[in-house]
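Computed from heavy atoms alone, side chains included, the values below leave out hydrogens, waters and symmetry copies.
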Amino acid sequence: MGEHLRDDLGAEALLPDGGVRRVVSLVPSLTEAVAVSASDLLVGATDWCTHPAELDVVRVRGTKNPDLSAIADLSPDLVVANKEENRELDVRRLRERGVPVWVTDIETVPQAIASMRRLFLEALALDEPGWLTEAADLWDGRFEAPVEAPSSRLRAQPPSPTIAVPIWRDPWMVVGPRTYTTDLLSRLGYDNAFDDGEDRYPHVELADIDREDIDEVWLPDEPYVFTESDGPEAFEDVPTRLVSGRLLTWYGPAMLEAHRVLRP
């Protein structure tokens, strides 16, 4: 009998007695995390798993339409998925085939650190990767607001820059509340102009984004591929900035670069 562990959603995953030796990842950021930490374990990944660049594993289609038969044929000891990235239906169908699946649930930077620690230490039974220890140290100071010295309360604090992050156009969609991206931006010292409401990725009109009380619009290269000629030209009142979608949305080794590159 193997070891019974529970993933981030409390679902049970039966892992083999000899430990996990074959992993299929359905999440680009987790693919990178496993590949740079224990590359010999990774046997399959989605077409969207673009990092590291030299990754050479079997491709199992996309995050929303994985090839379940191809995954099963790889005989993985564990499939790594994510609540937001992957469909519950695909997770259920894999489990019905007898394939163990570990689902992560990440909406904040602290959740990312904790979830990846559980993945590596518990599910994969590995030592904590150096990049994860470094990421935890880098971001730890951002977990709680700093305590102000008494004299500093007398000085006016500059307002945080307000930004908007579109993820699609025609129709326009933006990053909203209760998302990893919004939490990461907040810890870097930015305010998300759309950090309210019920929808985590609301549809908006262009006029809702191109307004003077927003300091800057960040245009990532995923999921919509904004470029110098596709995106900035739509805005008249707000400066735009092309940014890496990987730094905004990928938890894992990308968290180190995000902390260095995206700070004000």
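For Asp183, the salt bridge (charged side-chain N to carboxylate O under 4.0 Å, His left out) test picks out Arg187, with sequence neighbours left out. Applying the side chain to side chain contact (heavy atoms under 4.5 Å, CB included) criterion to Ser229, with sequence neighbours excluded, gives Thr227. By the salt bridge (charged side-chain N to carboxylate O under 4.0 Å, His left out) test, Arg21 is found to be paired with no residue, residues two or more places apart in sequence or in another chain being considered. Residues passing the side chain to side chain donor-acceptor pair (under 3.5 Å) test with Glu12 are His4, sequence neighbours excluded. The side chain to side chain donor-acceptor pair (under 3.5 Å) search around Asn86 returns none, not counting sequence neighbours. The side chain to side chain donor-acceptor pair (under 3.5 Å) test applied to Thr133 returns Glu128, not counting sequence neighbours. Arg211 meets the salt bridge (charged side-chain N to carboxylate O under 4.0 Å, His left out) test with Asp213; sequence neighbours excluded.
Nearest heavy atoms, Gly44 versus Leu74: CA-CD1, 4.0 Å. Here the closest non-hydrogen pair linking Asp7 and Leu9 is OD1-N, 2.9 Å. Considering every non-hydrogen atom in both Ile167 and Phe226, the closest pair reads C-CE1, 4.3 Å. In terms of heavy-atom proximity, Pro253 sits nearest to Val36 at CG-CG2, 3.6 Å. The heavy-atom pair separating Gly197 from Pro177 by the smallest distance is O-CG, 3.5 Å.
Criterion: ILVMFWY side-chain heavy atoms under 4.5 Å apart, direct or through other members. Under it, Val43 and Leu15 are not part of a common hydrophobic cluster. Cluster annotation: Leu184 and Tyr190 are assigned to the same hydrophobic cluster (Ile/Leu/Val/Met/Phe/Trp/Tyr, side-chain heavy-atom contacts under 4.5 Å, transitive). Note on Leu5 and Val34: same hydrophobic cluster, where clusters join Ile, Leu, Val, Met, Phe, Trp and Tyr whose side-chain heavy atoms are under 4.5 Å apart, directly or indirectly. A continuous path of ILVMFWY side-chain contacts below 4.5 Å connects Met255 to Val175, so both sit in one hydrophobic cluster.
Side-chain contact check for Thr182 and Asp195: no donor-acceptor pair (N or O, by modelled atom type) lies under 3.5 Å.
Under the salt bridge (charged side-chain N to carboxylate O under 4.0 Å, His left out) criterion, the residue pairs touching residues 29-58 are Glu32-Arg246, with sequence neighbours excluded. The stretch residues 13-55 participates, sequence neighbours left out, in these ring-ring contact (aromatic ring centres under 6.0 Å, His included) pairs: His51-Trp250. Counting only residues at least two apart or in different chains, salt bridge (charged side-chain N to carboxylate O under 4.0 Å, His left out) contacts with residues 164-176 comprise Arg169-Asp230, Arg169-Glu233.
Remark: the backbone N or O of Thr31 is paired with a side-chain donor or acceptor of Ser25 at under 3.5 angstrom. With hydrogens and angles ignored, the 3.5 Å screen pairs a side-chain donor or acceptor of Arg87 with a backbone N or O of Lys64. A donor-acceptor pair under 3.5 Å is formed between the side chain of Asp215 and the backbone N or O of Thr162. Checked by atom type and distance alone, the side chain of Arg200 never pairs as donor or acceptor with a backbone atom of Gly176 at under 3.5 Å.
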Please table the atom pairs, donor to acceptor, closer than 3.5 Å between any side-chain atom in residues 98-108 and protein atoms at least two apart or in another chain.
residue	atom	partner	partner atom	Å
Thr104	OG1	Ala81	O	3.0
Thr104	OG1	Asn82	ND2	3.0
Thr108	OG1	Gln111	N	3.1

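Of the residues Tyr201, Trp168, Trp172, the one that meets the ring pair (Phe, Tyr, Trp, His ring centres under 6.0 Å) test with Tyr224 is Trp168. The side chain to side chain contact (heavy atoms under 4.5 Å, CB included) test with Val80 singles out one residue from Leu124, Leu26, Leu42, Leu119, and that residue is Leu119.
Its side chain outside the 4.5 Å cluster rule for every partner, Val225 clusters with none of the Ile, Leu, Val, Met, Phe, Trp and Tyr residues.
The local environment of CD in Glu212 is sparse, with at most 12 non-hydrogen atoms from other residues, nucleotides or ligands closer than 6.0 Å.
Taking CG of Asp90 as the reference point, atom CZ of Arg95 lies at 12.0 Å (rounded to 0.5 Å).
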